[in-house]
There are 2 protein chains.
Amino acid sequence: MTDAPRDRTDQSLIALRRILRATELYSRDLAQSAGLTPAQLRVLQITAARDGSATPKALATQMGVSQATVTSLLDRLEARGLAKRERSETDRRQMNVLLTQSGRNAVSTAPDALQQRYVSAFEKLKDWEQAQLLASLERVAEMLNADDMDASPVLTTGEIKGPTGT
Amino acid sequence: MTDAPRDRTDQSLIALRRILRATELYSRDLAQSAGLTPAQLRVLQITAARDGSATPKALATQMGVSQATVTSLLDRLEARGLAKRERSETDRRQMNVLLTQSGRNAVSTAPDALQQRYVSAFEKLKDWEQAQLLASLERVAEMLNADDMDASPVLTTGEIKGPTGT
DNA sequence: GCAATTTCGTTCGATCATCAAACTAACCCA
DNA sequence: TGGGTTAGTTTGATGATCGAACGAAATTGC
């Protein structure tokens, strides 16, 4: 009973962990090389990816942290002149987070190392290999995501799935 | 409707990010459900995986954090009776980190949710699909790990080296 | 054998991330 | 108009993380 098909499950888990580990360690170096913390860089990246504008709420949701945390991250980024806040015109409760020129610089100065490395390797693959890899990754993502974990930038009205029910 | 024939590279990156995101958010819930922080849980898990004994140095290396950080994590775990430290006999500079019964409990009480979810899905796949998925994951892990995982410098706009010399 | 060096872990001081709870301001609905 | 809801902040607390300085043990050089 040593190496049954069980083995494959384990191996795939190990591979998955290697992927996670590599990217995690990477993201730290990456942020550091831009003089930022991982969390701060993520705020900038997400904002940049959203066309340079985002609300704290959206950031909190997408990052999976509380709004209070986002406030504190924004405070720091603003203090360093990487982002700025502006009241929304249409809904004056909301703030629009905008990147400054410095902020945009920081984002492009810190190219996503994971992305770079991965992309260059991916594009060296043969066509059918790419297709295969893509299918596999999507499958894994599905397997992990199961339910709709919110990948959408837009806010969905409705309650927040919180395990703590009051 | 959703996607125009987007580039495969992009799509695979998106899938990869979904994987990372899912696992990251997951690991937080997971640790919390065990009354621990993610970092603390990882110390316990790594120690458990090493047969219940590890040195701070080894933990620091594997986790990718400084030794000082490990010291502080161990202080907390020890204070809560989840782990304990013992001087090594063979090399009295070293400490052996050991799990207490509580510590072992905590590890098994916090089943790796990611693992659970993934495993059950994986094992539902057809045999050839499993093989395919495994191959793909290992490939991606390779792509990310690349032999020279050194803290690569910043930018390097444009050209990207390909040290894929097997 | 002994001084110099390296390795292992800790302490200290500082910065940052993170949260919950309480709070303000704005929106919305009836 | 007022009650309920939503967006964001403030506050106070805990924890993760690091670098630098440190002590102790091992290793190396000679």
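Values in this document were obtained by computation on a predicted structure and should not be read as measured data. Side chains are part of it too, since the values below use all heavy atoms of this structure and drop only hydrogens, waters and symmetry mates.
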Participant: Distance check needed: C:dT18 C1' versus A:Leu59 CG, whole Å only.
Facilitator: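 The distance from CG of A:Leu59 to C1' of C:dT18 comes to 16 Å, rounded to the nearest Å.
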Participant: Take the protein atom CG of A:Leu36 and the nucleotide atom P of D:dT17, then report the distance between them rounded to whole Å.
Facilitator: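 In whole Å, D:dT17 P and A:Leu36 CG are 18 Å from each other.
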Participant: Answer yes when A:Glu24 and B:Arg42 have at least one side-chain N-carboxylate O distance shorter than 4.0 Å, and no when they do not.
Facilitator: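 Salt bridge flag = yes for B:Arg42 with A:Glu24.
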Participant: How long is the line joining CG of A:Leu74 and P of C:dT18, in whole Å?
Facilitator: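 One finds 12 Å between P of C:dT18 and CG of A:Leu74, rounded.
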Participant: Nearest to the side chain of B:Gln94, which nucleotide is it out of C:dG9, C:dC16, C:dT10?
Facilitator: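 Selected nucleotide (nearest to the side chain): C:dG9.
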Participant: Taking only side-chain nitrogens and oxygens of B:Arg76, does any of them come within less than 4.0 Å of OP1 or OP2 of D:dT14?
Facilitator: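 Looking at the OP1 and OP2 atoms of D:dT14, neither is under 4.0 Å from any side-chain N or O of B:Arg76.
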Participant: Where the side chain of B:Leu73 is concerned, which of D:dT9, C:dA17, D:dT17 is the nearest nucleotide?
Facilitator: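 Among D:dT9, C:dA17, D:dT17, the one nearest the side chain of B:Leu73 is D:dT17.
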Participant: For B:Thr55, which contact category applies under a 4.0 Å heavy-atom criterion: base, sugar-phosphate, or nothing?
Facilitator: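 The answer is sugar-phosphate, as B:Thr55 gets under 4.0 Å only of primed atoms, P, OP1 or OP2.
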Participant: I'd like to check the side chain to side chain contact (heavy atoms under 4.5 Å, CB included) partners of A:Ser136; sequence neighbours left out, ordered by chain and number.
Facilitator: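 A:Ser136 satisfies side chain to side chain contact (heavy atoms under 4.5 Å, CB included) with A:Gln132, B:Gln132, B:Leu133, B:Ser136 once adjacent residues are dropped.
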Participant: Is the shortest side-chain heavy-atom distance between B:Leu137 and A:Ile19 below 4.5 Å?
Facilitator: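 Counting from C-beta outward, B:Leu137 and A:Ile19 do come under 4.5 Å.
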Participant: Between A:Ser72 and A:Thr69, is there a side-chain donor-acceptor contact under 3.5 Å, judged purely by atom types and distance?
Facilitator: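 The criterion, which ignores hydrogens and geometry beyond distance, is not satisfied for A:Ser72 and A:Thr69.
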Participant: Charged N to carboxylate O under 4.0 angstrom, A:Asp75 versus A:Arg85?
Facilitator: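 Yes, A:Asp75 and A:Arg85 are salt-bridged.
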Participant: Nearest whole angstrom, please: distance from the P of C:dC16 to the CG of A:Asp75.
Facilitator: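 Atom-to-atom, A:Asp75 to C:dC16, this comes out as 12 Å.
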Participant: Map A:Gln40 and B:Val70 onto DNA chain C by nearest heavy atom, then report which one ends up closer to the 5' terminus.
Facilitator: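 So the residue in question is B:Val70.
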Participant: Please determine, for the side chain of A:Lys57, which listed nucleotide (C:dT10, D:dG8, D:dA16) has the closest atom?
Facilitator: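 Looking only at side-chain atoms, A:Lys57 lies closest to D:dG8.
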Participant: Classify every nucleotide of nucleotides 19-30 of chain C by which part a protein heavy atom approaches to under 4.0 Å, writing B for the base, S for the sugar-phosphate alone and - for neither, in 5'-to-3' order.
Facilitator: BB-----BS---
Participant: Roughly, in whole Å, what's the span from CD in A:Glu24 to P in D:dT17?
Facilitator: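 Between P of D:dT17 and CD of A:Glu24: 8 Å.
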Participant: Does a donor on one side chain and an acceptor on the other come within less than 3.5 Å for B:Ser12 and A:Tyr118?
Facilitator: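 Yes.
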Participant: Report yes if some heavy atom in the side chain of A:Val43 is under 4.5 Å from a heavy atom in the side chain of A:Met63; otherwise report no.
Facilitator: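 They are in contact (side-chain heavy atoms under 4.5 Å apart), so the answer is yes.
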Participant: For A:Leu44 and C:dA17, give me the distance from atom CG to atom P, rounded to whole Å.
Facilitator: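 In whole Å, C:dA17 P lies 11 Å from A:Leu44 CG.
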Participant: Round to a whole Å and report the spacing from NZ of B:Lys84 to C1' of C:dG9.
Facilitator: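 Answer to the nearest Å: 19 Å.
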Participant: Touch check for B:Arg42, heavy atoms < 4.0 angstrom, all strands: base, sugar-phosphate only, or nothing?
Facilitator: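 It contacts nothing in the nucleic acid.
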Participant: How many Å lie between CG on B:Leu77 and C1' on D:dA16, as a whole number?
Facilitator: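 The answer, rounded to whole Å, is 12 Å.
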Participant: Would you kindly compare A:Pro38 and B:Ala58 by the position of their nearest DNA chain C nucleotide and give the one closer to the 5′ end?
Facilitator: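 Result: B:Ala58.
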